[in-house]
Amino acid sequence: VVEERIVVHEPSFLEQAVKPEPVEEFKPAPFVAKPAARSTKLARVFTVAPASGGCGKTFYATNFAAYLAKATGGRVLLVDLDPQANSSISFVDHTAIGRSTYDAIAETECRLADIILPANAQPNLFIAPGRIPLAKLEARLVGEMDAHFRLKDKIDQLSGEYAHIVGSSFLGALLFL
């Protein structure tokens with residue numbers, strides 16, 4: 001007589017706890033750049049602060065602002081605080097520049113929104129242009145109690161208009177960032 005034994009292996013508690021769950025294959029969502037909706041949300045503000053002359057501040061700021069405008073699809077403002085205004089003339093015809101960031105900071109009645117120009121051939125990029133009078137801005141505002149907050153206050157007035165704000169500056173303008 002042959003005896004048949006059927007042995008059933010019951011998984012131990014440890015084997016049950018370690019049993020991996022089936023995982024779905026990871027599929028990244030397609031990237032779709034959408035324009036930033038206007039809201040009361042504050043913009044992300046980036047400042048390209050000076051280290052020394054000729055170190056690439058203007059190059060970095062203009063390319064970074066153009067990249068943000070293209071990659072995110074959001075409205076980007078490039079604030080040019082350099083008297084040479086190379087960031088401005090990279091995107092706007094210099095003859096179209098009337099008022100500049102000097103006017104917006106030095107004159108309390110001039111809003112930053114009053115001087116902003118759309119960039120030529122670069123959708124979603126806007127320029128607050130610089131001009132040569134910026135070289136004397138610090139001297140003009142000596143003794144004014146709110147001088148160090150003027151640019152910040154002007155930028156705060158743009159709340160919700162821009163997704164990103166990039167500031168390109170020179171040494172004297174660092175006081176206002």
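As the structure is a prediction and not an experimental result, all values here were calculated from the model.
The distance from atom CZ of Arg75 to atom CG of Leu158, rounded to the nearest 0.5 Å, is 9.5 Å. Here Leu112 contributes atom CG and Leu151 contributes atom CG; the two are 7.0 Å apart, rounded to the nearest 0.5 Å. Distance check, rounded to the nearest 0.5 Å: CG of Asn124 to OH of Tyr162 gives 11.0 Å.
Cation-pi geometry between Arg131 and Tyr102 is not met: the NZ or CZ atom fails to fall both under 6.0 Å from the ring centre and inside 45° of the normal.
A side-chain N or O of Ser88 and one of Asp80 form a donor-acceptor pair less than 3.5 Å apart.
Hydrophobic clustering, with ILVMFWY side chains joined whenever heavy atoms are under 4.5 angstrom apart, keeps Ile132 apart from Ile127. Follow the hydrophobic side-chain contacts under 4.5 Å out from Ile89 and you never reach Leu134; the two are in separate clusters. Two different hydrophobic clusters hold Phe91 and Phe59 under the rule that ILVMFWY side chains link at heavy-atom gaps under 4.5 Å.
Within the structure, salt bridge (charged side-chain N to carboxylate O under 4.0 Å, His left out) contacts touching residues 111-123 (residues at least two apart or in different chains) are Arg111-Asp114.
A heavy-atom distance below 4.5 Å is not found between the side chains of Val166 and Leu77. Proximity of Val76 to Phe64: side-chain heavy atoms (C-beta onward) are nowhere separated by under 4.5 Å.
Arg150 contributes a side-chain N or O that, together with a main-chain N or O of Ile105, makes up a donor-acceptor pair within less than 3.5 Å. Looking only at distances, no side-chain donor or acceptor of Lys57 sits under 3.5 Å from a matching main-chain atom of Asp82.
For Gln122, the CD atom counts as densely surrounded, since its 6.0 Å shell holds more than 12 non-hydrogen atoms of other residues, nucleotides or ligands.
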